[in-house]
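Scroll down for the structure; my scribbles are underneath it.
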Amino acid sequence: ILLDAHTFRELKKLLANSVSFTDAIKAVISMDLEDKNASLTPSVFKQELRLSKSELQEIVHQEVKRAIEEELEGMLKAFEYKLENLMETRDRLLVKELQHSLEEKRLEIAETKQEKKAWWKNG
């Protein structure tokens, strides 16, 4: 039972490292055996893992793809953050300019009203 538990532990380690179930099974089966006559379970003391060239290429391909996707996601988040800040700054400036223009119009209207009142009083 201890040897079977070790096999499952090795399988669990591989699966935790994002190795597909099929590849993990193949890897556990192909591990070196310390004593072939005593047991068919891989040795507790060996840290070797045998993979075929295609299995290794697939693992490397998956990891590179995952790393690229993570980097791309980080870059997109940074770009979105910068774009949001740029739009927020633009919007604040636009509102400020609109408020300034509105205030100038109010002053012009108030000045015109004052001039009309002054004309009627002087007349």
Side-chain angles (χ1 to χ4, degrees):
I1 294 177
L2 282 176
L3 296 174
D4 291 339
H6 173 70
T7 302
F8 288 118
R9 216 173 314 129
E10 290 296 320
L11 182 61
K12 184 178 175 183
K13 276 191 228 176
L14 292 170
L15 293 173
N17 287 320
S18 301
V19 176
S20 72
F21 184 76
T22 305
D23 291 343
I25 294 291
K26 289 178 185 176
V28 168
I29 290 171
S30 69
M31 288 182 172
D32 281 337
L33 303 177
E34 185 174 312
D35 185 357
K36 292 181 183 177
N37 295 331
S39 170
L40 296 178
T41 304
S43 169
V44 175
F45 304 106
K46 298 241 179 190
Q47 293 297 320
E48 294 179 12
L49 176 66
R50 289 189 180 184
L51 298 172
S52 70
K53 183 178 178 181
S54 63
E55 291 169 330
L56 179 59
Q57 286 174 335
E58 181 62 26
I59 291 169
V60 169
H61 175 73
Q62 288 174 353
E63 287 302 310
V64 167
K65 183 179 176 181
R66 183 186 59 76
I68 290 171
E69 287 172 354
E70 284 178 8
E71 185 66 25
L72 182 58
E73 186 176 324
M75 289 171 53
L76 286 174
K77 283 181 181 180
F79 179 72
E80 286 175 5
Y81 178 75
K82 286 182 180 183
L83 188 58
E84 285 174 10
N85 284 340
L86 182 64
M87 290 188 312
E88 192 174 304
T89 301
R90 181 210 57 197
D91 291 349
R92 269 191 256 119
L93 288 172
L94 179 61
V95 168
K96 190 176 181 178
E97 286 297 316
L98 288 173
Q99 287 173 340
H100 181 69
S101 293
L102 192 58
E103 186 61 28
E104 283 181 354
K105 286 291 183 189
R106 285 184 188 143
L107 289 174
E108 286 177 22
I109 291 170
E111 189 177 300
T112 304
K113 284 182 180 180
Q114 286 294 342
E115 288 176 3
K116 285 183 180 181
K117 282 183 183 180
W119 182 79
W120 287 105
K121 287 182 180 182
N122 293 335

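- Note on K77 versus E80: no salt bridge recorded, every NZ/NE/NH1/NH2 to OD/OE distance being 4.0 Å or above.
- Listed by first and then second residue, the side-chain hydrogen bond (donor to acceptor under 3.5 Å, both in side chains) pairs that reach into residues 97-107 are H100-E104, sequence neighbours excluded.
- Contact check for K65 versus Q62: no side-chain heavy atoms found under the 4.5 Å cut-off.
- In this structure, CG on L102 lies 8.0 Å from CG on L98, to the nearest 0.5 angstrom.
- Going from atom CD of E71 over to atom CG of L76 covers 10.5 Å, rounded to the nearest 0.5 Å.
- With values rounded to the nearest 0.5 angstrom, L107 atom CG is found 11.5 Å from Q114 atom CD.
- Taken from CG in L11 to CZ in F21, the straight-line distance is 5.5 Å, to the nearest 0.5 Å.
- Put simply, V64 and L56 are part of the same group of oily side chains (I, L, V, M, F, W, Y) that touch within less than 4.5 Å, one to the next.
- Residue M75 is not grouped with residue L83 when hydrophobic side chains (ILVMFWY) are merged at heavy-atom distances under 4.5 angstrom, including chains of intermediate members.
- For the residue pair L14 and A24, the shortest heavy atom distance occurs at CD1-O, 3.6 Å.
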Practice task
Begin from the C-alpha positions of S54 and S52 and carry the test side chain to side chain donor-acceptor pair (under 3.5 Å) through to its verdict.
Solution key: CA-CA 5 Å; S54 63; S52 70; 3.2 Å; yes
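- Between atom CD of residue E84 and atom CZ of residue F79 there is a gap of 11.0 Å, rounded to the nearest 0.5 Å.
- The structure places CZ of R90 at 6.5 Å from CE of M87, a figure rounded to the nearest 0.5 Å.
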